[in-house]
Trainee: 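This structure is in C-alpha cells; I'll ask about it shortly.
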2 protein chains.
Amino acid sequence: MLNEADTFFKMLADSTRLRCLLLMQAEGELCVCEFSHALNLSQPKISRHLAHLRQSGVIIARRSGTWMHYRINPELQGWALEILQTTLDGVSHTEPFVSDRKILTSMNKRPELECCA
Amino acid sequence: MLNEADTFFKMLADSTRLRCLLLMQAEGELCVCEFSHALNLSQPKISRHLAHLRQSGVIIARRSGTWMHYRINPELQGWALEILQTTLDGVSHTEPFVSDRKILTSMNKRPELECCA
DNA sequence: TAATTATATACGTATAACCATATATATGGT
DNA sequence: ACCATATATATGGTTATACGTATATAATTA
C-alpha cells in the first residue's frame with residue numbers, strides 16, 4: 001500500500017493514530033499495552049488503530065511471546081519518514097504528546113525493558 | 001483553527017484537496033477556475049474543498065473582481081509549511097500531480113497572468 | 001436593470017469512519 | 001488440559017465526509 005499520498009495522510013488524520021505514531025517515532029518499538037497505558041485508551045481501540053496503520057504499511061509488527069511490538073516501517077518512502085519527524089519536532093512539546101511520553105516513560109513493567117525483547 | 005495536528009492532516013487526507021494544495025505549493029496563488037481546469041473536476045466540488053481548506057486555516061483567499069484567489073496560508077506553523085514542501089518534493093514527479101501542473105501551465109486565459117492581478 | 005461570468009452554498013444521499021462492548025484467538029505457564 | 005495474559009476481531013449503532021445536482025450570490029459589463 002501507500003502508493004497514494006492521501007492514504008498516508010489519512011493515517012495521520014486521526015488523533016489516536018497520530019499519538020501512537022509520534023510515540024513510535026520518538027521512542028521506537030512499542031507494544032499494545034504501552035500505547036494503551038500511555039494514551040489511557042482501551043486495548044481494542046488501540047489495537048484496531050494499529051491494525052489500520054499496519055494494513056496501510058505505515059508501521060510493521062513483530063511478535064515476541066504474547067506481546068506484539070509495533071514500529072514505524074523503516075521502508076516507508078523518504079518523504080513520509082521525513083514528515084513523521086517534522087511532525088514530531090513540531091508538536092512534541094504540546095499536549096497531548098507531552099503527557100503521552102511522560103506517562104509512557106514512567107510506566108513500570110514495560111515488556112521491552114525487561115527480559116523478553 | 002489548526003490547533004490540532006490531526007486537523008491539518010485531515011485536510012491533506014483527501015486527494016482533491018491534496019492536489020489543490022500541492023498545486024498552490026508549487027505555483028503560488030490560483031483561482032477556482034484554474035483548479036477546476038487543471039484537475040478536471042467540477043467547479044462546486046473544487047469550491048467546496050477550497051472552502052474547507054480555508055475554514056481550517058490552511059489556505060487564505062483574496063478576491064480580485066469576480067475571481068477568488070487562493071494560496072497557502074503563509075502564517076501556518078513552520079512544521080506545517082515544511083510538510084507541504086516535503087510532500088511536494090516527494091510526490092511532484094508522480095501522477096496525478098505531474099498532469100495537474102502540466103494542464104495548468106498549458107491553460108490559456110489564466111486570470112492571474114492577464115491584466116487583473 | 002438585465003445579462004454574463006465566477007464562485008459559493010444547499011439539499012438529499014451514499015459511504016466510510018469511529019466508537020463501545022462483547023467475544024475470539026494466541027501464547028506461555030502450571 | 002486448563003488458566004492467565006496479551007492482543008485481535010466482530011457486531012451494531014452513530015457520526016462525519018464526500019458526492020452530484022440544483023440553485024444562490026457576487027461582481028462586471030452592457
Side-chain angles (χ1 to χ4, degrees), chain A residues 1 4 6-20 29-56 58-71 107-117, chain B residues 1 4 6-20 29-56 58-71 107-117:
Chain A
M1 300 259 170
E4 308 287 349
D6 57 279
T7 304
F8 174 67
F9 290 120
K10 268 196 185 72
M11 290 303 107
L12 313 202
D14 174 90
S15 84
T16 301
R17 286 196 297 270
L18 187 59
R19 290 165 76 188
C20 290
E29 203 176 49
L30 294 171
C31 74
V32 178
C33 59
E34 291 174 310
F35 291 115
S36 187
H37 182 266
L39 311 197
N40 192 31
L41 292 172
S42 76
Q43 175 270 319
K45 179 166 176 168
I46 295 290
S47 190
R48 191 163 15 83
H49 280 295
L50 290 172
H52 208 169
L53 286 167
R54 189 185 183 185
Q55 283 170 349
S56 67
V58 179
I59 64 175
I60 58 176
R62 176 178 68 88
R63 180 178 282 283
S64 163
T66 54
W67 288 275
M68 286 294 290
H69 297 272
Y70 290 95
R71 67 181 200 276
M107 176 183 182
N108 49 7
K109 294 186 294 180
R110 290 178 62 186
E112 183 65 25
L113 304 180
E114 297 189 356
C115 52
C116 51
Chain B
M1 299 258 170
E4 308 287 347
D6 58 279
T7 303
F8 174 67
F9 290 120
K10 268 196 185 71
M11 290 302 106
L12 312 202
D14 173 271
S15 85
T16 301
R17 286 195 297 269
L18 187 59
R19 290 165 76 187
C20 289
E29 203 176 48
L30 294 171
C31 73
V32 178
C33 60
E34 290 173 311
F35 292 114
S36 187
H37 182 266
L39 311 196
N40 193 30
L41 293 172
S42 76
Q43 175 270 320
K45 180 166 175 168
I46 296 290
S47 188
R48 193 158 14 82
H49 280 295
L50 290 172
H52 208 169
L53 286 168
R54 189 185 184 185
Q55 282 171 349
S56 67
V58 180
I59 64 175
I60 58 176
R62 176 179 69 87
R63 180 179 283 282
S64 164
T66 55
W67 288 274
M68 287 294 291
H69 297 272
Y70 290 95
R71 67 181 200 274
M107 176 183 181
N108 47 7
K109 293 186 294 180
R110 291 178 62 187
E112 184 65 27
L113 304 181
E114 297 189 358
C115 52
C116 52

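Hydrogens, waters and symmetry mates play no part in the numbers below; they use all other heavy atoms, side chains included. Because the structure is a prediction, the values reported are computed rather than measured.
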Trainee: Side chain of H49(B) only, please: which of dC19(D), dT9(C), dG28(C) is the nearest?
Mentor: dC19(D)
Trainee: Choosing from dA6(C), dA18(D), dA22(C), which nucleotide comes nearest the side chain of R17(B)?
Mentor: dA18(D)
Trainee: Looking at E34(B) and C31(B), would you say the former's side chain and the latter's main chain have a donor-acceptor pair under 3.5 Å?
Mentor: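 Looks like yes, one N/O pair under 3.5 Å.
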Trainee: Starting the side chain at C-beta, find the nucleotide from dT7(D), dC19(C), dT7(C) nearest to C31(A).
Mentor: dT7(D)
Trainee: Measure from the side-chain N and O atoms of R17(A) to the backbone N and O of H49(A), and report whether any donor-acceptor pair falls under 3.5 Å.
Mentor: no
Trainee: Between the base of dA8(D) and the side chain of Q43(A), is one N or O donor paired with an acceptor at under 3.5 angstrom?
Mentor: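 Indeed there is one.
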Trainee: Fit a plane to each ring of Y70(A) and F35(A), take the angle between them on a 0 to 90° scale, and name the class: parallel (under 30°), tilted (30 to 60°) or perpendicular (over 60°).
Mentor: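 Taking F35(A) first and then Y70(A), their aromatic rings sit tilted (interplane angle of 30° to 60°).
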Trainee: Applying a 4.0 Å non-hydrogen cut-off, can you work out what Y70(B) is touching in the nucleic acid: base, sugar-phosphate, or nothing?
Mentor: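 Sugar-phosphate, no base atom in range.
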Trainee: If pairing requires Watson-Crick or G-U wobble contacts with both distances under 3.5 Å, which nucleotide is the partner of dT30(C)?
Mentor: dA1(D)
Trainee: As a test of understanding, state which of I46(B), L39(B), D14(B) forms a side-chain contact (heavy atoms from CB on, under 4.5 Å) with R19(B).
Mentor: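 Passing option: L39(B).
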Trainee: Report the distance from atom NE2 of H37(A) to atom C1' of dT5(D), rounded to the nearest whole Å.
Mentor: 16 Å
Trainee: Checking the side chain of S64(B) only, and the main-chain atoms of W67(B) only, is there a donor and an acceptor separated by less than 3.5 Å?
Mentor: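 The answer is no, because no donor-acceptor pair under 3.5 Å joins these two groups.
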Trainee: In whole angstroms, how far is the P atom of dA17(C) from the CG atom of D6(A)?
Mentor: 11 Å
Trainee: Whole-Å distance between dT17(D) P and F9(A) CZ?
Mentor: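 Nearest whole value for this atom pair: 18 Å.
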Trainee: What is the nucleic acid contact for R63(B), judged by heavy atoms within less than 4.0 Å: base, sugar-phosphate only, or nothing?
Mentor: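 Sugar-phosphate contact only - R63(B) comes under 4.0 Å of backbone atoms but never of a base.
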Trainee: Nearest heavy atom decides the nucleotide; on that basis, is T16(A) or V32(B) closer to the 5' end of DNA chain C?
Mentor: V32(B)
Trainee: CZ of F35(B) versus C1' of dT7(C): gap in Å, rounded?
Mentor: 13 Å
Trainee: Just call it for R54(A): base, sugar-phosphate, or nothing, with non-hydrogen atoms closer than 4.0 Å on any strand.
Mentor: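 Nothing: the residue R54(A), judged by heavy atoms under 4.0 Å, touches no strand.
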Trainee: Roughly how many Å is it from NZ in K45(A) to C1' in dA8(D), rounded to a whole number?
Mentor: 17 Å
Trainee: Between atom CE in M107(A) and atom P in dA6(D), what is the gap in whole Å?
Mentor: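 Result: 9 Å.
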Trainee: Could you give the NZ-to-C1' distance, from K10(A) to dC18(C), as a whole number of Å?
Mentor: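 About 15 Å, once rounded to whole Å.
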Trainee: S47(B) side chain N/O closer than 4.0 Å to the phosphate oxygens (OP1, OP2) of dA8(C)?
Mentor: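 Checking S47(B) against dA8(C): at least one side-chain N or O falls below 4.0 Å of OP1 or OP2.
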Trainee: R48(A) has an atom CZ; how far is it from atom C1' of dC18(C), in whole Å?
Mentor: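 Between C1' of dC18(C) and CZ of R48(A): 7 Å.
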Trainee: Looking at dT21(C), dA27(D), dT9(C), which one has an atom nearest to any side-chain atom of P44(A)?
Mentor: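 Closest nucleotide to the P44(A) side chain: dT21(C).
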